[in-house]
Amino acid sequence: QVQLVESGGGLLQPGGSLRLSCAASGIQIRFNTMGWYRQAPGKQRELVAYITSGGSLNYTDSVKGRFTISRDNAVNTMYLQMNNLEPEDTAVYYCNVIWGSRTKWGQGTQVTVSS
């Protein structure tokens, strides 16, 4: 069974930092493209960042220079380091994996940025 479990969300002030984790089981994530998505109140779910099996990194414009996606193959975990957080970053963050014809989502973790 493939399972993704996010953790690391929380409540913090603008300018703060968080690191989200996505622990995978039942699949070796090093062979697949992995992504972080988010859904803010009243908005569609959007792709935030993704990393390919070859290590290429891609980001949506609003997080470039502030967020970093990474992967630790030894522990089968993907991360999203978020720096200089803004209120506009408030959302539920989800991790995702695609392999073959299948896709899997985590349960989501809440990030709230507020004064």
Main-chain N/O of [Y] paired to [X] side chain as donor or acceptor, under 3.5 Å:
| X | Y | result |
| --- | --- | --- |
| N76 | N73 | no |
| Q13 | S114 | no |
| Y50 | Y37 | no |
| Q3 | A24 | no |

Would you indicate whether the side-chain heavy atoms of [Y] and [X] approach each other to under 4.5 Å?
| X | Y | result |
| --- | --- | --- |
| L47 | T60 | no |
| R66 | Y59 | no |
| V113 | E86 | no |
| L20 | V111 | yes |
| V97 | T33 | no |
| W99 | V2 | yes |
| N96 | M34 | no |

Distance-only polar pair, side chains of E88 and T90, donor-acceptor under 3.5 Å: no

Any side-chain donor near an acceptor of the partner, S17 and N84, under 3.5 Å: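 There is no such pair (donor and acceptor under 3.5 Å, judged by atom type) between the side chains of S17 and N84.
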
I98 with I27, same ILVMFWY side-chain cluster at under 4.5 Å: no

W36-L57 co-clustered via ILVMFWY side chain contacts under 4.5 Å: yes

Would you give the length of the straight line joining atom [atom1] of [X] to atom [atom2] of [Y], rounded to the nearest 0.5 angstrom?
| X | Y | atom1 | atom2 | value |
| --- | --- | --- | --- | --- |
| L4 | C95 | CG | SG | 4.5 Å |
| I69 | M82 | CD1 | CE | 12.0 Å |
| Q39 | E46 | CD | CD | 10.0 Å |
| F31 | I29 | CZ | CD1 | 11.0 Å |
| L80 | S70 | CG | OG | 8.0 Å |
| T109 | L18 | OG1 | CG | 8.5 Å |

Parallel, tilted or perpendicular, as decided by the 30° and 60° cut-offs, for the rings of F67 and Y93: tilted

Working for side-chain contact (heavy atoms from CB on, under 4.5 Å), residues Y94 and Q107: CA-CA 7 Å; Y94 301 88; Q107 82 287 351; over 6 Å; no

Geometric cation-pi criterion R71 and Y79, 6.0 Å radius, 45° cone: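 Verdict for Y79: no cation-pi partner in R71.
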
Nearest heavy atoms of R38 and A91, plus distance in Å: CB-CB, 3.7 Å

